[in-house]
Amino acid sequence: MQRCGSKEVSDAFVNNEQIYLILVLRDSDDIEVSRLIALASSKSIPIKEGSERDIWRMARDNKGPNKPKILALVGRNPYASIDEVFQTGGIIWLLAGAKYPVNIGFTIRTAEVSGANAVFIDSSLNNSERKGALRASMKAHRFIPLHWADGVSIVDKAKDFGYRIISIEDVGSKSPWEVDFTGNVLLIIGGEREGISQSILDKSDVILRIPMTGFVPSFNLQAPMAIVAAEAQRQRSA
């Protein structure tokens with residue numbers, strides 16, 4: 001979903017790829033970068049500036065001597081509405097009842113990095129807490145549709161669009177390696193204390209459980225999400 005560096009971004013324009021966002025090095029004096037920015041502006045593509053550290057951290061290829069000065073987001077519209085998200089298809093995450101901003105931020109980042117199409121969050125955070133969650137996402141929220149919404153309503157809409165509903169909860173009977181994550185899927189992970197509500201579990205097609213063998217009886221919220229995200233990514237890229 002990333003086009004990294006002037007050559008790839010230029011090729012994306014030439015090949016008529018749908019570019020949804022440009023991230024460019026602030027105050028860059030590179031002639032080719034300036035040309036691409038002008039081209040993006042003419043096409044009304046949103047442009048965001050970042051520091052050298054921002055670009056380095058976001059870039060897929062940042063190990064060579066010529067560090068990229070421009071990145072482009074393709075294939076996923078970060079400004080998509082709820083209906084547009086479901087119409088696009090793919091994997092979508094629902095965080096149902098998470099309460100801690102840092103955990104929510106990390107899960108947004110995990111969803112984005114693993115190629116999800118969107119994140120829905122059902123949580124009663126105030127404005128300050130929401131801002132804290134976005135900070136904890138390391139700005140990943142800029143590159144993926146993110147909606148604060150009622151969890152049950154999102155599950156119902158997903159079913160209307162033909163998505164399979166897969167919940168991650170201790171009451172599950174299958175491991176992630178026994179579940180099919182291909183096609184259009186809504187993945188649900190619950191809050192840190194109460195987990196996923198019974199009303200959502202009752203609507204789930206599959207409930208899976210992450211195996212645990214230690215003394216402590218539960219993972220942190222981020223761990224099961226990362227495990228499932230990695231397995232889903234493996235299956236969908238096979």
Side-chain angles (χ1 to χ4, degrees), residues 1-15 17-80 85 88 90-93 95 98 100-121 123 125 127-148 221-222 225-226 229-230 233:
M1 293 184 178
Q2 182 187 114
R3 299 294 175 258
C4 182
S6 298
K7 176 64 167 60
E8 288 190 10
V9 175
S10 180
D11 288 347
F13 279 114
V14 170
N15 295 328
E17 287 192 273
Q18 181 67 62
I19 299 175
Y20 291 103
L21 179 69
I22 294 286
L23 180 63
V24 64
L25 178 64
R26 185 179 296 114
D27 299 325
S28 173
D29 57 1
D30 186 287
I31 294 175
E32 176 63 2
V33 169
S34 296
R35 182 186 74 83
L36 294 170
I37 291 304
L39 183 57
S41 295
S42 72
K43 295 178 179 293
S44 300
I45 297 172
I47 300 166
K48 294 185 179 295
E49 294 184 334
S51 66
E52 185 173 351
R53 178 174 175 79
D54 286 335
I55 304 297
W56 176 85
R57 183 168 53 82
M58 295 291 181
R60 184 189 69 247
D61 181 7
N62 57 14
K63 305 302 181 185
N66 299 318
K67 293 182 174 58
K69 299 177 182 178
I70 186 169
L71 310 173
L73 172 65
V74 302
R76 179 175 58 202
N77 180 5
Y79 311 106
V85 164
T88 299
I91 279 192
I92 299 170
W93 280 93
L95 278 62
Y100 301 123
V102 170
N103 278 345
I104 292 172
F106 286 167
T107 53
I108 294 169
R109 185 178 182 186
T110 298
E112 198 287 323
V113 170
S114 60
N117 275 16
V119 180
F120 294 104
I121 301 173
S123 182
L125 300 187
N127 286 336
S128 176
E129 291 169 330
R130 289 190 182 191
K131 290 179 180 178
L134 299 183
R135 285 194 300 271
S137 79
M138 301 296 286
K139 301 183 180 179
H141 70 284
R142 298 186 299 178
F143 309 107
I144 187 170
L146 174 64
H147 295 279
W148 304 83
L221 175 66
Q222 306 155 36
M225 181 177 183
Q233 189 175 27

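Everything quoted here is computed from the prediction, not taken from an experiment.
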request  = Return yes if some donor-acceptor pair links the side-chain N/O of Ser10 with the main-chain N/O of Ser6 below 3.5 Å, else return no.
outcome  = no
query = Which pair of non-hydrogen atoms, one from Ala40 and one from Ile22, has the smallest distance, and what is that distance?
reply = CB-CG1, 4.0 Å
inquiry  = For the CD1 atom of Ile70 and the CG atom of Leu36, what is their distance to the nearest 0.5 Å?
reply    = 4.5 Å
ask   = Should Glu8 and Arg60 be marked as a salt bridge (Lys or Arg N to Asp or Glu O under 4.0 Å) after you check the CA-CA gap, both sets of side-chain angles, and the distance that decides it?
value = CA-CA 12 Å; Glu8 288 190 10; Arg60 184 189 69 247; 2.6 Å; yes
key: Partner set under salt bridge (charged side-chain N to carboxylate O under 4.0 Å, His left out) for Glu129, not counting sequence neighbours   = none
key: Non-hydrogen side-chain atoms of Leu73 and Ile19 separated by less than 4.5 Å   = no
message = Please check this pair: side chain of Ser123 against backbone of Ala98, looking for a donor-acceptor N/O pair closer than 3.5 Å.
response = yes
ask   = What distance separates Asn117 CG from Asn77 CG, expressed to the nearest 0.5 Å?
value = 10.5 Å
ask   = Is there a side chain to side chain contact (heavy atoms under 4.5 Å, CB included) between Arg109 and Val113 once you walk through the steps?
value = CA-CA 6 Å; Arg109 185 178 182 186; Val113 170; 4.1 Å; yes
task = Quick one: closest heavy-atom pair of Pro101 and Ala136, and the distance?
result = O-CB, 4.2 Å
ask   = Within a strict 4.5 Å, meaning less than it, do heavy atoms of the Lys43 and Phe13 side chains meet?
value = yes
ask   = With sequence neighbours excluded, what pairs up with Lys48 under the salt bridge (charged side-chain N to carboxylate O under 4.0 Å, His left out) test?
value = none
ask   = What distance do Thr107 atom OG1 and Leu221 atom CG have between them, rounded to the nearest 0.5 Å?
value = 6.0 Å
Tyr100 and Ile104, any side-chain heavy atoms less than 4.5 Å apart = no
request  = Report the C-alpha distance between Leu25 and Val33 in whole Å, list the side-chain angles of each, state the deciding distance to 0.1 Å, and finish with yes or no for side chain to side chain contact (heavy atoms under 4.5 Å, CB included).
outcome  = CA-CA 9 Å; Leu25 178 64; Val33 169; over 6 Å; no
inquiry  = Testing the basics here: between Pro145 and Val85, what is the closest heavy-atom pair and its distance to 0.1 Å?
reply    = CB-CG2, 3.8 Å
note = When every non-hydrogen atom of Trp93 is compared with those of Ala111, the smallest separation belongs to CD1-CB, 3.8 Å
message = Under the criterion side chain to side chain contact (heavy atoms under 4.5 Å, CB included), I'd like the reasoning laid out for Arg142 against Leu23: C-alpha separation, chi angles, the key distance, then a yes or no.
response = CA-CA 10 Å; Arg142 298 186 299 178; Leu23 180 63; 4.2 Å; yes
ask   = So which heavy atom on Pro78 is nearest to which on Tyr20, and how close?
value = CD-CB, 3.7 Å
Pairwise side-chain hydrogen bond (donor to acceptor under 3.5 Å, both in side chains) hits with a residue in residues 22-33, at least two apart = Glu32-Arg35
ask   = Can you tell me how far the CD1 atom of Ile55 sits from the CE atom of Met58, to the nearest 0.5 Å?
value = 8.5 Å
Set of side-chain hydrogen bond (donor to acceptor under 3.5 Å, both in side chains) partners for Lys7, sequence neighbours left out = Asp11
key: Trace of the side chain to side chain contact (heavy atoms under 4.5 Å, CB included) decision for Leu134 with Leu146   = CA-CA 10 Å; Leu134 299 183; Leu146 174 64; 3.5 Å; yes
key: Where Thr110 and Ala226 come nearest, the two heavy atoms and their spacing   = CG2-CA, 4.0 Å
query = Considering residues, nucleotides and ligands other than Trp56, do more than 12 of their heavy atoms fall under 6.0 Å from its CH2?
reply = no
request  = Output the distance between atom CZ (Arg76) and atom CE (Met1), rounded to the nearest 0.5 Å.
outcome  = 4.5 Å
request  = Could you tell me which residues satisfy side-chain hydrogen bond (donor to acceptor under 3.5 Å, both in side chains) with Glu17, sequence neighbours excluded, listed by chain and number?
outcome  = Arg3
request  = Taking atom CG of Asn127 as the centre, report whether more than 12 heavy atoms of other residues, nucleotides or ligands fall under 6.0 Å from it.
outcome  = no
key: By ring pair (Phe, Tyr, Trp, His ring centres under 6.0 Å) - contacts of Phe120 (at least two apart)   = Phe86, His147
remark   = CZ of Arg57 to CD of Glu52, rounded to nearest 0.5 Å, is 13.5 Å
inquiry  = Is any side-chain heavy atom of Leu95 closer than 4.5 Å to one of Asn103?
reply    = no
